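The block underneath contains the structure these notes are about, expressed in structure tokens.
Please read all numbers here as calculations on a predicted model, not as lab measurements. Just so you know, ligand 1 is whichever comes first in the structure, and atom 1 is the first atom listed for that ligand. Computed over heavy atoms, backbone and side chain alike; hydrogens, waters and symmetry mates excluded.
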Amino acid sequence: MGKNAVAILGISGSPREASTAFAVKEALKYATEKFNAQTDYFSLQNKKLNYCIHCDHCVRERRGCIQKDDMLKAYDKMEKADAFIIGTPVYTGSVSGQLKTFFDRCRALVARNPNALKNKVGAGLAVGGDRLGGQELALLTIHSFYLANKIIPTSGGAFGANLGGTLWSRDLGTEGIKKDSEGLQTIYRTISRLMKLSMFLKIGGRKM
Ligand SMILES: Cc1cc2nc3c(=O)[nH]c(=O)nc-3n(C[C@H](O)[C@H](O)[C@H](O)COP(=O)(O)O)c2cc1C
């Protein structure tokens with residue numbers, strides 16, 4: 001792996017090994033095959049992930065979160081990554097509760113170092129049981145997380161992947177999503193843009 005290889009971290013916000021996990025892994029596979037990316041993966045399935053309790057220990061002490069659970073592994077992976085692809089199942093028109101908790105807990109990471117995630121690049125994908133079940137609203141929540149943490153949000157752009165990956169599982173888990181060929185195209189478009197932007201920043205302008 002060359003020193004300019006982009007390190008991309010895929011995060012699955014589903015509590016199951018099903019359609020979202022498949023989509024995130026498919027995105028990582030594409031990033032490796034087409035762009036020679038170095039990949040890492042973190043699933044929220046079976047993780048001990050406590051809610052943020054707003055104790056403000058992280059902002060007072062600036063030494064990370066007081067809760068010592070599986071977020072510690074995630075913080076480490078996030079700091080090492082150049083780029084993120086975060087996937088979520090659509091739950092009630094937005095991201096999963098697990099992913100929202102993950103986002104809230106990242107407050108401790110940036111309280112310790114406000115630039116911990118600065119100028120990394122991020123994209124999202126959302127998998128709904130319905131074709132139009134709130135995928136774009138869920139993506140906007142992922143983009144809000146990026147914006148709030150100095151991560152540069154991106155997507156596959158107009159004519160196909162406007163806000164990122166939008167997928168339809170028909171509530172059939174992995175088997176459902178494998179049949180969503182249009183949805184899979186939105187992942188490839190999104191990863192292409194994410195990787196090209198990340199490579200540009202890695203070679204050129206990270207120290208802006
Ligand atoms: C609590 C809950 C809420 C859901 N809400 C929505 C929804 O608002 N829109 C939608 O399209 N699908 C909804 N679904 C269906 C899931 O998004 C869908 O089955 C998805 O593929 C699950 O991802 P997974 O296979 O990675 O678990 C919901 C499922 C659950 C469990």
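Taking atom 21 (O) of ligand 1 as the reference point, the nearest protein heavy-atom neighbour is Ser169 OG, 2.6 Å. Among all non-hydrogen protein atoms, the one lying nearest atom 31 (C) of ligand 1 is Tyr91 CE1, 3.7 Å. Atom 26 (O) of ligand 1 has Thr20 OG1, 2.7 Å as its closest protein atom, hydrogens excluded (heavy atom only). Protein heavy atom closest to atom 24 (P) of ligand 1, with residue, atom name and distance, is Ser19 OG, 3.3 Å. Counting protein heavy atoms only, atom 8 (O) of ligand 1 is closest to Gly93 N, 2.9 Å. The single protein non-hydrogen atom nearest to atom 15 (C) of ligand 1 is Asp171 OD1, 3.2 Å, given as residue, atom name and distance. Of the protein's non-hydrogen atoms, the one nearest atom 28 (C) of ligand 1 is Val90 O, 3.3 Å. Ranking protein heavy atoms by distance to atom 10 (C) of ligand 1, first place goes to Gly129 N, 3.6 Å.
Taking a cutoff of 4.0 Å between a charged side-chain nitrogen and a carboxylate oxygen, Lys73 and Asp76 do not qualify as a salt bridge. The pair Asp69-Lys47 does not meet the salt-bridge criterion, since no charged nitrogen lies less than 4.0 angstrom from a carboxylate oxygen. Ion pairing between a basic and an acidic side chain is recognised when a charged N comes within 4.0 Å of a carboxylate O; Lys202 and Asp82 show such pairing. Checked for salt-bridge contact, Lys120 and Glu79 miss the test: no charged N lies under 4.0 Å from a carboxylate O. Salt-bridge formation is not detected for the pair Lys178/Glu26: no Lys NZ or Arg NE/NH1/NH2 atom is positioned less than 4.0 Å from an Asp or Glu carboxylate oxygen.
A cation-pi arrangement is absent between Lys34 and Tyr188, since the terminal nitrogen or guanidinium carbon is not both under 6.0 Å from the aromatic centre and inside a 45° cone about the axis.
Of the possible polar contacts, none joining the Asp56 side chain to the Val59 backbone as a donor-acceptor pair under 3.5 Å is found. For the pair Ser155 (side chain) and Asn162 (backbone), a donor-acceptor distance under 3.5 Å is present. In terms of modelled atom types and a separation under 3.5 Å, the side chain of Thr88 and the main chain of Ser96 share a donor-acceptor contact.
Residue-ligand proximity, Pro89 to ligand 1, at heavy-atom distances under 4.0 Å covers atoms 22 (C), 23 (O). Remark: ligand 1 atoms within the under-4.0 Å shell around heavy atoms of Val127 are 17 (O), 20 (C), 21 (O). Proximity to Ser14 (heavy-atom distance under 4.0 Å) selects the following atoms of ligand 1: 24 (P), 26 (O), 27 (O). Listed by atom number, the atoms of ligand 1 under 4.0 Å from Arg16 heavy atoms are 24 (P), 25 (O), 27 (O). Interface atoms of ligand 1 facing Ala18, defined by a heavy-atom separation under 4.0 Å, are 24 (P), 25 (O).
Residue Arg170 qualifies as open at atom CZ: its count of foreign heavy atoms under 6.0 Å is 12 or below.
In terms of polar-atom proximity, Gly128 is not counted as a contact of ligand 1, lacking any N or O under 3.5 Å from an N or O of the ligand. The distance criterion of under 3.5 Å between nitrogen or oxygen atoms is not met by Gln135 with respect to ligand 1. On a distance-only criterion, Gly133 and ligand 1 share at least one N/O pair closer than 3.5 Å.
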